[in-house]
J.: 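One structure follows; several queries about it will come next.
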Amino acid sequence: MHEFFLPVIQSALCSAGIETNKQINIEQPSDKKFGDFSTNIALLTAKECRRNPRELALEIIGHLVFPPDTIAKIEVAGAGFINFYLTPLFIMQSVEQVLLDGDEYGKGGIGKGERALVEYVSANPTGPLTIGRGRGGVLGDCIANLFETQGYEVTREYYFNDAGRQMQILGESVMLRYLERCGKVIEFPPTHYQGEYIREIAETIYNEHGTELSASSELKIFKEIAEEIIFSSIRKTLDRLSIHHDSYFNEHTLYTPDKRGLTPNQNVITALRERGFIAEYDGATWFLTTKLGQEKDKVLIKSSGEPSYRLPDIAYHITKFERNFAVIVNVFGADHIDEYPDVIEALKILGFDTGRIKIAINQFVTTTVDGQTLKMSTRKGNADLLDDLIDDVGADATRLFFIMRSKDSHLNFDVELAKKQSKDNPVFYLQYAHARICSLLRMALQETGFDPASSSEHHLLHLLTSQAELQLGFALLDYPAMIKTSLRLLEPQKMVEYLHSLAEVFHRFYQECPIIKAKPDICKARLFLSLATRQVLRNGFRILGVSAPESM
RNA sequence: GUGCCCGUAGCUCAAUGGAUAGAGCAUCAGCCUUCUAAGCUGAGGGUUACUGGUUCGAGUCCAGUCGGGCGCACCA
C-alpha cells in the first residue's frame, strides 16, 4: 500500500510547493472511523512551513490525484491527519489478486539476486536440545522463511564445534558412566554432564562392546560415539519441527591451515595486530577492547595456546562476508548476549560492513505445567527437553507458541493450554478457520457444483459490499505489508497476530453472510472471498511452519 | 557493581512517536430445526511500576528511581 500512496502524496507535496525531507508515513489507524489508511505528513511539515497543520492538510488534499475508482473519500481529521477510505472496488480487486497470485501472493522482490545467511540453533553436540534452544530454532527458521518470501536466496546454517573442551568433558562423562556400567566404582565430578542421556549413551556402548573398552580408557572412542548419537538426536528433534539446515559449519575449519600454512584464526590475529588491537601479556594474546572504551581486554588466545571461543567466532564471521552474503542474520538466546559486540567491533576494525549483520536475540522460556512455573536449567541435567515438549503438545503448537510472543519478551509456555483441543488454544483457532473454509468449499461443490478454484468469474467479487465482506477483503489486502513489517523487525510474532485477526474477521463474515444459501452470483462471490482467505492463511502458515489441516 | 531485555486489565500478551491504550483467557449476558458453536455478538474490568524531560502529540524516545530476568571466565 505504501507503493500506492507514496508517489501520489509526494507529487501532491511537490505541486503544493512543500519541500521536506521528512519521511512520509502511511499508517493504518487503530479505528476504522479514521479511514483505511492515513498519513501524518501535514503534522510533520506544519512547523517548517509555519502553517496550521489542518489548513496545510486541506491544501495537500487539493493536490492529491489518485487513479479512478480507488479512493472513496479523503478527509482531514484530528490535529491534521489526512484519512483515506478505499473503494469497495479497490478492495475486491485486491482479493482477485490473491486468487491470481495463489501461493505467490504476498511475496516480493526486495531481495532478488541477493543471498542471505541465517544462522540458528548452532548447539554443540553435548546434549539433547532444550526447550530454550527450540525457541531460537523456530525463530530462526521463520526468519529464514520471511527472507525467502522477498526473493532472497537463503542459506540456513548451523555452526558447531566438536573439538573444544566441552566435548572433552562430554567424552569423559560418557566414559565414566560406561565404566560405572561395567561395574567399576567411579567418582563423577559435578563439572560433568549430569543428564540421564549420558547413561543411555553409555548403555548403548555397553550393549555393543560389553566391557572390552573398560581397560583402554581411550577417550576418543567415547567422544566420537557420543557425538554421533547426540548429533543425530538433535537433527531428529529439529526434523520433527521441520527445521532443516543447508549448511553445517564446523568450527574446526577455522583451525585448518590454508595454502600459505596459516589458519583463519591466525589471520585474524595478524590483521588485528596490524591495526594495533593486539597485545600479549599474562601469557595470553589479547584483543585490546579497552581501546574501544570497554572495561577489560578480551582474551583471544589463552596462555595454553588454544584460542578462546571469541577468536574463531570472529574468523567465522569473516567467512560469512567472504562467502558474499548481502544479509547476515544471527539468531541466539539471551544467554549469549555478550558474545556479539566484540565480534562486531573486530569486524569493524577489519573494515567489514557490519551494517549487513542483523542480530535476533530471543529471551528465555519458562514452562507452566498445572499452573506451576518451571525454570529452565541446562546444567544439572534437569532442563526440559524439546523432544518431550513436542511429544506432549505436538509440532504445530510447539512452533506457534514459540513465536506467538515477541522475541524480546520472556515466553511463558503454558503446556496445558497448548494441549487443549479447544478455542482457548490459538493454534486451533487459526487452523480451525482453515479447516472450516475447506469444509465449506467441499460442501459448496457438492451442493452447487461450483468450484471457485477453477472458475474465472472473479468479477462477481464486486457484488460484495457489506461491512463484513469488505473487512475481510481489506485484511487480505494487508498481508504483503505484514510480511515486510515482520521481516524488517525480524519478528514472526507479527504474522501470528495478523493471522489471528484474519481468522477472526473470517469467522465474523462466515457468521453474518450465508454462502451456499445465498443467490447464485453472491454465493460464487463469497466462495471466491473464502478461497482467497484460505490462500492467505496457507501462505502465512507456510511462513510459520504450521500445518494447514483440511478438516478437524 | 555493570551490560542487555522486560514491567500495560485478575492471568498471558499486543499496540512502525499518533486520534477514545487493544486481543485472548477468566467473569457475566445473549446466539445452533440453518454452510463445522473448535464459532459469533455484547458487558464489566486501566493513574501503561514511579518521577522528571524532549514535542503539536509519549505505553513508545531521553535521564533518574524501584522491581523481575539473563549475562559479565585464559567455558562455548
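Protein chains get the first letters and strands the later ones, always in sequence-line order, with residue 1 at the start of each.
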J.: Can you give me the dot-bracket string for RNA chain B, 5' to 3', counting Watson-Crick and G-U wobble pairs with both distances under 3.5 Å, using [ ] for crossing pairs and | for partners on another strand?
T.: (((((((..((((....[...)))).(((((.......))))).....(((((..]....))))))))))))....
J.: Give the C-alpha distance, both sets of side-chain angles, the deciding distance and a yes or no for ring-ring contact (aromatic ring centres under 6.0 Å, His included) between A:F231 and A:F160.
T.: CA-CA 10 Å; A:F231 224 128; A:F160 72 102; 4.9 Å; yes
J.: Pick one for B:rC5: is it syn, with its angle within 90° of 0, or anti?
T.: anti
J.: Considering residues at least two apart in sequence or located in another chain, which fulfil the side chain to side chain contact (heavy atoms under 4.5 Å, CB included) criterion with A:E306?
T.: A:K302, A:S304
J.: Which nucleotide in the list B:rA73, B:rC74, B:rG18 gets nearest to the side chain of A:K296?
T.: B:rA73
J.: Run the side chain to side chain contact (heavy atoms under 4.5 Å, CB included) test against A:K419 and tell me which residues pass, sequence neighbours left out.
T.: A:D392, A:V393, A:V415, A:E416
J.: Could you measure between the two P atoms, the one in B:rC74 and the one in B:rU8, and give it in whole Å?
T.: 37 Å
J.: Can you pull out every salt bridge (Lys or Arg N to Asp or Glu O under 4.0 Å) where at least one residue sits in residues 35-51 of chain A? Sequence neighbours excluded, please.
T.: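 Listed by first then second residue: A:K22-A:E48, A:K32-A:D36, A:R51-A:E55, A:R51-A:E59.
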J.: Among all residues two or more places apart in sequence or in another chain, which pass the ring pair (Phe, Tyr, Trp, His ring centres under 6.0 Å) test with A:Y498?
T.: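 Applying ring pair (Phe, Tyr, Trp, His ring centres under 6.0 Å) to A:Y498 gives A:Y479.
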J.: Provide the full list of side-chain hydrogen bond (donor to acceptor under 3.5 Å, both in side chains) pairs with a residue in residues 486-497 of chain A, sequence neighbours left out, each pair given once.
T.: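 Every side-chain hydrogen bond (donor to acceptor under 3.5 Å, both in side chains) pair that includes a residue of residues 486-497 of chain A, provided the two are not neighbours, is A:S406-A:E491, A:Q493-A:E497.
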J.: If the condition is side chain to side chain donor-acceptor pair (under 3.5 Å), which residues does A:R405 pass it with, not counting sequence neighbours?
T.: none
J.: Among residues two or more places apart or on two chains, list those pairs meeting side-chain hydrogen bond (donor to acceptor under 3.5 Å, both in side chains) that have a residue in residues 513-527 of chain A.
T.: A:E457-A:K524, A:E469-A:R526
J.: What contact category does A:S303 fall into here, base, sugar-phosphate, or nothing, at under 4.0 angstrom with non-hydrogen atoms?
T.: base
J.: Pick out the pairs of N or O atoms, protein on one side and nucleotides 42-46 of chain B on the other, that lie under 3.5 Å.
T.:
none

J.: Go through the structure and list residues passing ring pair (Phe, Tyr, Trp, His ring centres under 6.0 Å) with A:F528, not counting sequence neighbours.
T.: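 If we apply the ring pair (Phe, Tyr, Trp, His ring centres under 6.0 Å) test to A:F528, skipping adjacent residues, the hits are A:F450, A:H458.
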J.: Is there a donor and acceptor pair, one atom on the side chain of A:S38 and one on the base of B:rA19, closer than 3.5 Å?
T.: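 Answer is yes: a donor-acceptor pair is held.
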J.: Restricting to nitrogen or oxygen on both sides, can you table the protein-nucleotides 56-61 of chain B pairs closer than 3.5 Å?
T.:
{"from": "B:rC56", "atom 1": "OP1", "to": "A:K47", "atom 2": "NZ", "distance (Å)": "2.8"}
{"from": "B:rC56", "atom 1": "OP2", "to": "A:K47", "atom 2": "NZ", "distance (Å)": "3.0"}

J.: Classify the nucleic acid contact of A:T126 as base, sugar-phosphate or nothing, counting any heavy atom under 4.0 Å across all strands shown.
T.: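 Touches nothing.
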J.: With A:K358, which residues qualify under salt bridge (Lys or Arg N to Asp or Glu O under 4.0 Å), at least two apart?
T.: none
J.: A:I337 has a side chain; which of B:rG3, B:rA76, B:rA23 sits nearest to it?
T.: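 Taking heavy atoms from C-beta onward, the closest nucleotide is B:rG3.
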J.: What's the gap between B:rA14 and B:rC6 when it is taken at their C1' atoms, as a whole Å value?
T.: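 Those two atoms are separated by 15 Å.
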